[in-house]
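First comes the structure, then the notes that go with it.
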Amino acid sequence: TPLQKRVSGIPKALYGGRHTVTMLPGSGIGPEMMNYVKEVFRYAGVPVDFEDVQMDATAESNEDLEYAITSIRRNGVAIKGNVETGSMRRGVFSRNVALRNELDLYVNVLNCKSYPGVSARQQGIDIVIIRQNTEGEYAMLEHESVDGVVESMKVVTSENSERVARYAFEYAKRAGRRKITTIHKANIMKLSDGLFLETSRKVAKEYPEIEHNDMIIDNCCMQLVSKPHQFDVMVMTNLYGTIVSNVVCGLVGGAGLLSGKNYGDHYAVFEPGTRNTGTSIAGKNIANPIAMLNAAVDMLEHLGHKYHAEIIYDAIEKTINEDRIHTPDLGGQATSIDVVQNIIKHLQQKTRTSNWH
Ligand code: ATP
């Protein structure tokens, strides 16, 4: 479909096959995680250059945000840490939400797959969460109509509901997935979630080979904790998406493991799946670098650097599943640097034994 083509559009490589990518380190553990990405890329010989852009949530103006958006528009692709949204002041936007909205990154994709080497609450999970990423409860349209009465608008459009549903079904078709579950609260939010659900059902009719069912968000949370293996691909609005993503990441090993992808028709932004800042663990050499490194692997796949994506992914997998070099969040005692050094060790073995140069 034309949509499919646009979503998978890859920016043109510069002369010599190199790409320039925007790097938004964000706050908390973001900057140290980005240093690990650069270090791993250096050892793997990845042909990617970074344009570092700082976003400052404490700034008085939104200039930093505008600069970041301009940079991503220029490069097409970004890797991102989360920016702390400290300010409750009106007129200062959440950098994270504003960026996704401005770039129209309408879908977020999170593949929650268990690592056999991680002892987690559940094993053998392989769920793909597809989340509407730009509207719903995150429309940022709140106002105090009279003193003590705040109204917050949840915006659901048929256009965006259809784009995300279509993305989910096309994804399922391409990835050989068999079932899609639409998550909603249409029994209470009859118009907004009703539209989202109806749109999913309409799109589902075009894909008879993929099973479609739906589930109410509260039951979904219970089912995820008690019988998570029933889920294959899940599609939902923005707020349910962030909650469900955190539940499933928690089931497979926490905030430090998985990565998430944000796509629109023109741009792509890669980041850790649960979008945490991890401020309390910053600078202590204990944060798990795997989530950000997985985001870097996603980015390389998107850019078409398959070889480099694969060798880094293999090194991550061996480190977590075979060598079991685990940071404290996974129950281990390794430092962030131990994990990165082990990954680099595998990369060095690989690049030494191949004739790649
Ligand atoms: P803080 O930012 O002060 O840690 P928070 O409540 O904002 O507190 P989040 O950033 O939302 O925490 O992260 C949620 C939890 O996940 C925290 O306990 C955090 O330490 C942990 N966490 C997040 N990222 C990682 C990581 N990469 N490695 C290990 N733990 C992580």
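Just the heavy atoms: all of them, side chains too, but no hydrogens, waters or symmetry mates, feed the values below. Read the numbers this way: they start at 1 and go in the same order the structure lists the ligands and their atoms. All of these numbers come straight from a predicted model, not from anything done at the bench.
Atoms of ligand 1 found under 4.0 Å from any heavy atom of Ala287, numbered from 1 in the order shown, are 28 (N). Below 4.0 Å from some heavy atom of Ala255 lie the following atoms of ligand 1, by number and element: 16 (O), 22 (N), 23 (C), 24 (N). For ligand 1, the atoms closer than 4.0 angstrom to any heavy atom of Gly256 are 26 (C), 27 (N), 28 (N).
Within the 4.0 Å cut-off (strictly below), no protein heavy atom is located near atom 18 (O) of ligand 1. In this structure, atom 23 (C) of ligand 1 has a protein heavy-atom contact shorter than 4.0 Å. Proximity of atom 14 (C) of ligand 1 to the protein is indicated by at least one non-hydrogen atom lying closer than 4.0 angstrom.
Counting heavy atoms only, Asn288 comes closest to atom 27 (N) of ligand 1 of the residues Leu257, Asp329, Ile290, Asn288. Ranked by closest heavy atom to atom 20 (O) of ligand 1, the top entry among Ile281, Asn82, Thr274, Ile29 is Ile281. Between atom 2 (O) of ligand 1 and the options Thr327, Asn246, Ile286, Thr279, the minimum heavy-atom separation is to Thr279. Looking at Gly250, Ala291, Gly81, Ser280, it is Ser280 that brings a heavy atom closest to atom 4 (O) of ligand 1.
Transitive grouping of hydrophobic side chains (ILVMFWY, heavy atoms separated by less than 4.5 Å) brings Ile337 and Leu330 into a common cluster.
Between His305 and Pro47 the shortest side-chain heavy-atom distance falls below 4.5 Å. Side-chain contact between Asn294 and Ile316: present, with at least one pair of heavy atoms (C-beta onward) separated by less than 4.5 Å. Side-chain contact between His266 and Leu103: absent, with no pair of heavy atoms (C-beta onward) separated by less than 4.5 Å.
Scanning the protein heavy atoms around atom 10 (O) of ligand 1, the nearest turns out to be Gly278 N, 2.7 Å. At the top of the distance list for atom 11 (O) of ligand 1, counting protein heavy atoms only, stands Asn276 ND2, 2.7 Å.
In this model, no donor atom of one side chain and acceptor atom of the other lie less than 3.5 Å apart for Ser161 and Thr199.
In this pair, Phe169 and Tyr207 present their aromatic rings parallel. The plane angle is below 30°, not in the 30 to 60° band.
Here the shortest heavy-atom pairing between Tyr106 and Val164 reads O-CG2, 4.5 Å.
Taking the ring axis of Phe270 as reference, the NZ or CZ atom of Arg275 does not stay both within 45° of it and closer than 6.0 Å to the ring centre.
Taking distance alone, with nitrogen or oxygen atoms compared against 3.5 Å, Thr277 approaches ligand 1 more closely than that limit.
Within a 6.0 Å radius of CZ in Arg73, more than 12 heavy atoms belonging to other residues, nucleotides or ligands are found.
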